[in-house]
Structure formats: C-alpha cells, structure tokens
Amino acid sequence: MSSSIPRFAAVSAVVASALAAGLLAGPSSAAAEITTAEATADSAAAGVRVHDIQGTTRVSPLVGKQVTGVTGIVTGVRTYGSRGFWIQDPEADANPATSEGIFVFTSSVPTVAVGDAVSLSGTVTEYVPGGLNSGNQSLTQISKPVVKVVSKDNPVPAPVTISGWSVPDAYAPEGDPAAGGSINGLTLDPETYALDYYESLEGTNVRIDSSRVVGATDPYAELWVTVKPWENDNERGGTVYGSYESQNTGRLQIQSLTPLAQQPFPKANVGDRLTGTTEGPLDFNQFGGYTLTARTLGTVVDEGLERETTDKQHKNELAVATYNVENLDPSDPQEKFDALAKAVVENLASPDIVALEEIQDNNGAKNDGTVAADVTVKKFTEAIVAAGGPAYEWRSIDPQNGKDGGEPGGNIRQVFLFNPERVSFTDRAGGDATTATAVTGTKGRAALTLSPGRIDPANAAWEASRKPLAGEFVFRGRTVFVIANHFGSKGGDESIVSHHQPPNRSSDAKRLLQAQAVNAFVKDIVALDKQADVLVVGDINDFEFSGTAQALTDGGVLYPAVKSLPVSERYSYVYQGNSQVLDQILTSPGVHHFEYDSVHINAEFADQDSDHDPQVLRFRP
C-alpha cells in the first residue's frame, strides 16, 4: 500500500525558505537529506508544544531544529511501511490553523501503544512524499526520536469530526506568484479552503461518520469516500470530476493501521457505504494526499452496484467500441482473457469494430526484442468466440521495439478487431512502424494511402508514445474511417494536492502536440469529403474539457461524443475518488446521429478486468 513507501529523508531549516518558495530541487524518489548540523547552528528548542512545531503554514517554523520535552498522547501506531506513531497534545491552543497532532518517524517498529502519554526529543523535519520534484506538499514530523513513556492507558484526545459542513467548498488558495506558485508560505485559512482545512488537521485524531465510497478498494488496501454526498454526484454513487476547478473537496482516502494479516481490508465498490465510525490520525502520503489512517475502521455495506450492459446495435447501425485492456499478453491467466471476452460479448453487445489499447507483444514484459502480438490477439479472439461472440478478424501494425512507451518490453499497441459478417476492412499494403499513411482521393471521396497505417509516426509528438492507427472500413457500402489512439500518459504531472496551485501539468504539452497531429489528419479527410464518417477513438488520457480535447476538435472537425451525455455520466476511469473522462470517441460532422455509452464495468469496482471502462458508439453511416 502507499504507506509502505519508506520515508527516506527530511528537509531541514537550511532549505525551508526554498521549500516555501516552491524552488527546491532534488531527486524524484526521495527528499533531500540534510543533517541537523548542516541545518542550523542554533538547533535547540526546549519545551515546545506540538502546535508550535506545526505552525500556521505548511512548513514548520522549527524545521531542522532539535526539540526536547515535546509531550502528547499516542493516537495511532504504524508497525509496517513508514513505521512510527502519532501524538497529540490534549491541550489545544486557540488558533484553528495550528494542528495539535504530529507524526513521529521511528523507522523501526514503535514500542509505544495508543493511550501512552509520552515526552520526547528529536529533530523537526519536513518529508516530501514522492520526492522534492514531485511537487507534493511536505509532512511535518519528528525524526530520530528519543521517547519516554510517562503513563499508560490515557484517554485518546477526542477526534475532530470531518463532515460535509466542516470542509470548505473552495479547494485551495492560489499559489504565491513570487514563490513559483507555491502555497507553502501562505498562512493557513482552514475556514476558506479545503486543503488548508486538512493541513490544519495534519497528524490530528479525526473521524468521519457513515460516508459513501467514491473510489473502490484498490490492490494496496485503500479506498476513497466523500463526506459531501451531494458534491458532483452521479446515480451510481461516484463523484464526477468535471473541470480543473471542480476538485471535489469532500474526498478522503482511507487506510487501516491494522496489518492485513490481522484484519483484511474491506472490499468496497463505488456507491457502497462505509458505515459507523472511522477514526484515526490524518496522514499525508504520495498516493492521494490527506489520508485517514484508521485506528478504528467502519463497516462496508454493499449497495449492490452492477456492471452495465449496452444496447445491441440495430441491423443498419454500426457499433464501434474502444477498450483499454490493461497490458494484455499471453502470460496473463486465461481467466483475464475470458473475462475481457465476456465483457465484449455481453456488456458491449459484440460491437462491429473494437479498437483495443494496451495489447502487448507475444511475451509481454520480457524485453528480448519481440514485437509481434499475433499470439496475444489470437488468444483473445478465441476467447471471444468461446464466450459466444463473433469470429473477429484483426488488423494492427507492430511497433519498433521499445519505441512506444508503456511497460518496458511490452511493446503495447492499438489493434482493430472487426466482425467480417458485418463490416469489411479495406487493406492497402505498405504500412509499418515508421511509414506514414496519408489521405488521398478526389473531391467527395477520401481514402487512406495505407490501411492500416500509422499517422505521422516520425513526428516528435509520438516519441516514446503510441502512434495512432488508422483504418478504412466499409459498412453497408459506406466508407468509415477509424483512428485508434493511445495518447501519452499523465506521468510527471503534479497531483491536485500539490503545493503548487494550480498544479503543474507537464504532460499536457505532449498530448497537445498529439491532438494537433490527429486533428490535422482528420482535416485532410474532411477537406476532401465534408460528409466523411470519421471516428477518433481510444485512450486519450485526458479530460473532455482539457486543452487536448480543444486541440482535437479545432475547426469543428471532431466532436467529443461523451459530451452528448449528462455531465454526471461523463467518466470512464476513477482516480483518487474522482470519476473522470480518459477514454473517448470523437465524431466528424458526417456522423449526424449517434448513441453513445460509457459502459461502466471496471473503474468503479474492486474486482477489475481492466482499470478503464470501454466506450461504445452506434450510428447509421
């Protein structure tokens, strides 16, 4: 789980000003390690209270200093991962911006117990989960502690209840331009901003009452709830991420302090309820930010979320789907192939064309130069037939080894499946990993020079990324162009809990160039045939409101079909409790009438065959 990532090091006073300004640089995997001697010559502070250490900003005013005589009651103990414990001063000050709790990092298994009254000394440090280059906020903690247990079995300080009424609606203050957009140096305003509210409770014993699950239990034994059930909700129980200004302030990650060997973590789907009381210290980690590390964990009540099934296309309707099958390769268990195949047949109603993303080569992540994926696709198409589906034929282009990103050795690519009983593929030879297809034809009739073919593969926009796969199909005598995409990931972007507000989204630049390349190609088709049926499909790795989407639709040559759905139904992926759009189908003006469905079968569930929901569009060419 995310809390098992070790807390490698700490930031000291000598770098505190740079941290507050958002200018500190360092390795991506760990924070900079500065010793106390390097930090300050005046390094002793005796008799300080926890709220003195926490201060009124995100960075402790005592960072780098040795503190002695710090007292508090132990409110939580973590014996795995980042080992340590939390203490809380039962005598709070009157300032709502200063937390009364703090994490004590021990590195070894702590010897204290919940309810112990302790007096300790140690070094005040600021740990940045994910490393200084991650942009994450830092966690104030006491490191290298010397701990004395004064008494045992004391009552734990009463928890602060986090509720929909206590969390502000505004997400975060705007970062200080003079500090590179950082909010680290700003005085906390917990009554105005949600991030400031959570930061003011960092390390504090908190609780939530019964809450709705908005992010299913993941493989790392954590889930997401919302304390604001009304906030951008949808009928299936999720919380929709509809804009960069819609951060959904009520989301909170839940972990358990009880080792899994002692108490398995509950399995929950979106829409389930975490009932009763969940209580424990409020932590901050790399994989989600503010996290309630539960000393007492509520009970999950199954609300019966069901996987969706789309409508079957009519005889004269063409059904086109896109599905990211999450690094499918022959070494995956047959159960994965069977489950994905069943989804294609039953939940997607056997579309006429299926564009697949993340089909790996014939030996998966083994990095030996293999690029062919015929074994992978054959195993999948046979599973579809076994599930009662059509005998799909397929087209694809093998990538150059190691040139398309993704899991090293996997050589992921897009693949077209098509039902030859319903649609034919127009083959034009010559397409390979490096040769670009182009648009040719006469006014009123466009065609591809290569089919299947890759779009502009030499363009720097596709460096270490999947190149779009274009194919020409015929349905009931009508040509349909389908372009299968898997744009660059969001890797490298700062999270929405970054100390930069708004966060830096560095990956946008590549997807913008990719969108412009695809848009230019579609414009070439539409320039010859204004009524051409063009579908741009795939894992766009970006939102329907993003700059990527705007670039794809430039000139009105494409329309994001997901926008035909109500806002509450626009999502294909759930990340940190936000239901959001990553997978899309966009239509050219020639596609006049269509039905669109984001088929929710994976993203909201703890048991997933993929982490993406497939998309289906039906229309009459």
Side-chain angles (χ1 to χ4, degrees), residues 307-326 328 337 339-359 377 380-381 383-385 387-396 413-425 452 468-471 473 475 480-486 533-541 558-562 564-565 569-573 581-588 591 594-603 608-621:
R307 289 173 165 82
E308 290 186 334
T309 299
T310 197
D311 294 333
K312 180 72 176 176
Q313 67 270 33
H314 296 297
K315 180 175 67 174
N316 57 351
E317 284 184 320
L318 180 69
V320 180
T322 177
Y323 197 1
N324 182 321
V325 292
E326 196 177 12
L328 188 66
F337 281 89
L340 290 167
K342 182 179 178 182
V344 169
V345 175
E346 297 183 6
N347 301 92
L348 305 188
S350 297
D352 302 306
I353 300 170
V354 184
L356 301 172
E357 299 88 51
E358 294 199 16
I359 290 288
V377 180
F380 189 31
T381 54
I384 291 173
V385 171
Y392 284 111
E393 295 185 13
W394 64 281
R395 298 291 187 274
S396 187
R413 83 289 311 276
Q414 298 88 271
V415 173
F416 289 127
L417 304 184
F418 64 95
N419 180 358
E421 299 297 320
R422 295 265 301 161
V423 64
S424 62
F425 190 88
L469 179 70
F473 298 83
F475 177 74
V480 178
F481 301 95
V482 183
I483 301 170
N485 302 272
H486 187 183
D533 294 324
V534 185
L535 299 178
V536 171
V537 310
D539 180 358
I540 303 300
N541 259 323
L558 288 171
Y559 171 73
V562 70
S564 69
L565 301 177
E569 297 178 22
R570 298 177 189 174
Y571 62 96
S572 67
Y573 196 82
V581 169
L582 291 185
D583 308 84
Q584 297 195 46
I585 298 178
L586 300 96
T587 62
S588 66
V591 182
F594 61 82
E595 291 182 337
Y596 186 78
D597 196 358
S598 183
V599 189
H600 304 306
I601 60 176
N602 288 316
Q608 300 179 341
D609 302 319
S610 167
D611 49 353
H612 291 252
D613 286 334
Q615 314 294 295
V616 178
L617 184 141
R618 295 179 294 274
F619 76 109
R620 298 183 181 186

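Quantities reported herein were computed from a predicted structural model and do not represent experimental measurements.
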Provide the closest heavy-atom pair for P351 versus V344 in the form atom of the first, atom of the second, distance. CD-O, 3.7 Å
Atom pair CD (E595) and CG (L565), whose distance is rounded to the nearest 0.5 Å: 11.0 Å
Got a donor-acceptor contact below 3.5 angstrom from the T322 side chain to the Q615 backbone? no
Under a plain distance cut-off of 3.5 Å, with no hydrogens placed, do Q608 and N602 share a side-chain donor-acceptor pair? no
I need the K312 NZ to E317 CD distance, nearest 0.5 Å. 11.0 Å
Between Y573 and H612 the two heavy atoms that sit nearest each other are CE1-NE2, 3.7 Å
If you apply the rule side-chain contact (heavy atoms from CB on, under 4.5 Å), what do you find for F619 with D533, and how did you get there? CA-CA 10 Å; F619 76 109; D533 294 324; 3.9 Å; yes
Backbone of S598 reached by a side-chain donor or acceptor of D613 within 3.5 Å: no
Would D609 and Y323 count as having a side-chain donor-acceptor pair, cut-off 3.5 Å? no
Look only at the side chain of S610 and the backbone of N324, and say whether a donor-acceptor pair between them is shorter than 3.5 Å. yes
Shortest non-hydrogen pair, L469 vs P452, comes out as CD1-CB, 3.9 Å
So do the side chains of T587 and Y596 get within less than 4.5 Å of each other, counting heavy atoms only? no
Approximate separation, where rounding is to 0.5 Å, of R570 CZ and S564 OG: 8.0 Å
If you look at every heavy atom in V423 and D352, which pair is closest and at what distance? CG1-O, 3.7 Å
Scan residues 339-351 for pairs that pass side chain to side chain donor-acceptor pair (under 3.5 Å), counting only residues two or more places apart or in two chains. none
When you measure from the side chain of R307 to the backbone of A343, do you find a donor-acceptor pair of N or O atoms at a distance under 3.5 Å? no
Contact summary for I483 and P468, nearest pair of heavy atoms: CG2-CB, 4.0 Å
Could you tell me the separation between the CD1 atom of I585 and the CD1 atom of I540, rounded to the nearest 0.5 Å? 10.0 Å
So, the side chain of Q414 versus the backbone of A484: is there a donor-acceptor pair under 3.5 Å, distance only? yes
Just by distance, do the side chain of N485 and the backbone of V537 share a donor-acceptor pair under 3.5 Å? yes
Rounded to the nearest 0.5 Å, what separates atom CZ in F481 from atom CG in L535? 11.0 Å
Atom pair CG (L318) and CZ (R618), whose distance is rounded to the nearest 0.5 Å: 11.5 Å
Kindly determine whether T381 and L417 satisfy side-chain contact (heavy atoms from CB on, under 4.5 Å), including the steps that lead there. CA-CA 8 Å; T381 54; L417 304 184; 3.9 Å; yes
Shortest non-hydrogen pair, N316 vs F475, comes out as O-CE2, 3.7 Å
For G538, is there any backbone N or O sitting under 3.5 Å from a side-chain donor or acceptor partner on E357? no
What orientation do F418 and F473 show, parallel under 30°, tilted 30 to 60°, or perpendicular over 60°? perpendicular
